[in-house]
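As the structure is a prediction and not an experimental result, all values here were calculated from the model. In the text below, chain A, chain B and the rest are named by the order of the sequence lines, each starting its count at 1.
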2 protein chains.
Amino acid sequence: MPPPAKTPSAKTESAAAPSPRTDRLDARVLEGLVGYNARRAWLIVSTVFADRMAPYGLKQIDFSVLSLLAHNPGATSRQLCNTLDILPPNLVSLVATLDGRGLIERRPHPHDGRAVGLHLTPAGETLIREAEQAVVQLETEASSRLSTRERETLIKLLQKIYL
Amino acid sequence: MPPPAKTPSAKTESAAAPSPRTDRLDARVLEGLVGYNARRAWLIVSTVFADRMAPYGLKQIDFSVLSLLAHNPGATSRQLCNTLDILPPNLVSLVATLDGRGLIERRPHPHDGRAVGLHLTPAGETLIREAEQAVVQLETEASSRLSTRERETLIKLLQKIYL
DNA sequence: TATTGTTATACTCTATAACTATA
DNA sequence: TATAGTTATAGAGTATAACAATA
């Protein structure tokens with residue numbers, strides 16, 4: 001059996017340079033891991049998201065909550081928590097802030113006296129409509145090196161992991 | 001122009017159920033975003049990672065540092081920071097802990113008196129060798145619904161975003 | 001003057017325990 | 001007894017400013 005074809009190694013670049021003194025290291029092991037790559041990609045999209053959503057005063061979690069309420073009027077905190085995988089105590093101040101900004105409204109739940117139905121206000125509706133458009137735009141730019149087909153494939157494969 | 005074909009909406013499930021009272025909400029807008037999906041997928045892999053690496057006493061960042069040092073002996077803190085996109089102050093206690101555990105060693109840098117070359121100890125070499133195998137295994141399981149080809153495609157597409 | 005590594009610190013995110021009011 | 005929402009709090013993760021030693 002012939003020796004296996006070696007993948008190019010950083011060490012073989014130059015036999016006389018044990019300390020290449022570059023700023024970047026050989027990260028090929030990490031770059032072969034789904035977890036590492038998913039986090040790095042998310043970090044990039046995240047940064048663009050934060051920049052573009054700053055004018056709307058929305059962080060990622062705020063956007064998620066408003067977008068869910070736009071398409072699920074009357075949803076409860078518990079439903080938001082289950083859908084977004086966040087813990088109830090961490091949603092409280094968030095909902096309170098959105099309420100204080102006049103973007104959402106808390107109404108008594110029709111069938112359950114313990115629960116509170118969350119609804120977008122007209123201001124909230126307007127804001128999330130604009131924000132959703134901005135997010136679609138920002139997502140397209142952040143993944144501009146992917147074709148439409150590739151982007152769809154990427155999302156489909158990611159969902160095979162968590163959905 | 002005819003009305004556009006409606007995508008199936010949660011609202012059309014039943015005209016008499018304005019509050020479906022389910023635990024899951026319609027999240028199709030979010031599920032169309034790369035950022036959202038990348039984060040959700042990373043969260044899953046992350047959980048599996050934490051469970052399987054607990055016996056080794058390694059968090060993700062510890063694993064990344066040790067793995068980089070295994071393939072880049074003598075790397076400096078600054079190089080680790082640049083490669084992993086973390087800030088220097090946040091690496092200090094981390095390196096100190098790995099040093100305290102006897103997994104890495106700090107040696108004076110040959111060409112730069114300010115810098116410190118980081119090296120794995122024999123114990124560190126052994127640990128990261130086992131840990132890398134465990135991570136490959138855990139990654140395969142966490143992405144078990146993907147074929148080998150799909151997993152490669154996923155990684156390639158993620159790297160198109162951040163690399 | 002610029003860079004490496006460091007300290008101190010603050011802010012955000014995430015997690016747990018315990019309470020209340022309703023079911 | 002169990003669940004929805006809340007409070008308080010603790011722990012991680014991430015960020016900035018400022019300093020000492022060296023280039």
Under 4.0 Å between a side-chain N or O of K59(B) and OP1 or OP2 of dG13(D)? yes
Using a cut-off of strictly less than 4.0 Å, decide whether R39(B) has a side-chain nitrogen or oxygen near OP1 or OP2 of dC13(C).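 For dC13(C), neither OP1 nor OP2 has a side-chain N or O of R39(B) closer than 4.0 Å.
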Using the test salt bridge (Lys or Arg N to Asp or Glu O under 4.0 Å), find all partners of [X] that sit at least two apart in sequence or belong to another chain.
X       : answer
E141(A) : R52(A)
R106(B) : D99(B)
R78(B)  : D23(A)
E150(B) : K160(A)

Spacing between [X] atom [atom1] and [N] atom [atom2], to the nearest angstrom:
X       : N       : atom1 : atom2 : answer
R107(B) : dT4(C)  : CZ    : P     : 21 Å
N82(A)  : dG5(D)  : CG    : C1'   : 13 Å
W42(B)  : dT14(C) : CH2   : C1'   : 11 Å
L80(A)  : dG5(D)  : CG    : C1'   : 13 Å
R78(B)  : dA21(D) : CZ    : C1'   : 16 Å
D23(A)  : dG5(C)  : CG    : P     : 11 Å
D85(B)  : dA15(D) : CG    : C1'   : 14 Å
Q60(A)  : dT14(D) : CD    : C1'   : 14 Å

Do any of residues 86-94 of chain A sit with a heavy atom less than 4.0 Å from DNA chain C, and if so which? L87(A), P89(A), N90(A)
From OG (S64(B)) to CG (L94(B)), nearest 0.5 Å: 9.5 Å
In chain order, what residues pass the side chain to side chain contact (heavy atoms under 4.5 Å, CB included) check against L163(B), with sequence neighbours excluded?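 In terms of side chain to side chain contact (heavy atoms under 4.5 Å, CB included), with neighbours along the sequence ignored, L163(B) is linked to E31(A), Q159(B).
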Listed pairs, N/O of protein and of nucleotides 20-23 of chain C, under 3.5 Å:
residue : atom : partner : partner atom : Å
dA23(C) : OP1  : G113(A) : N            : 2.8

Under the ring-ring contact (aromatic ring centres under 6.0 Å, His included) test, which residues partner Y36(A), sequence neighbours left out?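 Testing Y36(A) for ring-ring contact (aromatic ring centres under 6.0 Å, His included), a comparison that skips the adjacent residues, returns none.
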Classify the ring geometry between F63(A) and F49(A) as parallel (under 30°), tilted (30 to 60°) or perpendicular (over 60°).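 Because their plane-to-plane angle is over 60°, the rings of F63(A) and F49(A) count as perpendicular.
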Sequence neighbours left out, what passes side-chain hydrogen bond (donor to acceptor under 3.5 Å, both in side chains) with D85(A)? Give chain and number order. R40(B)
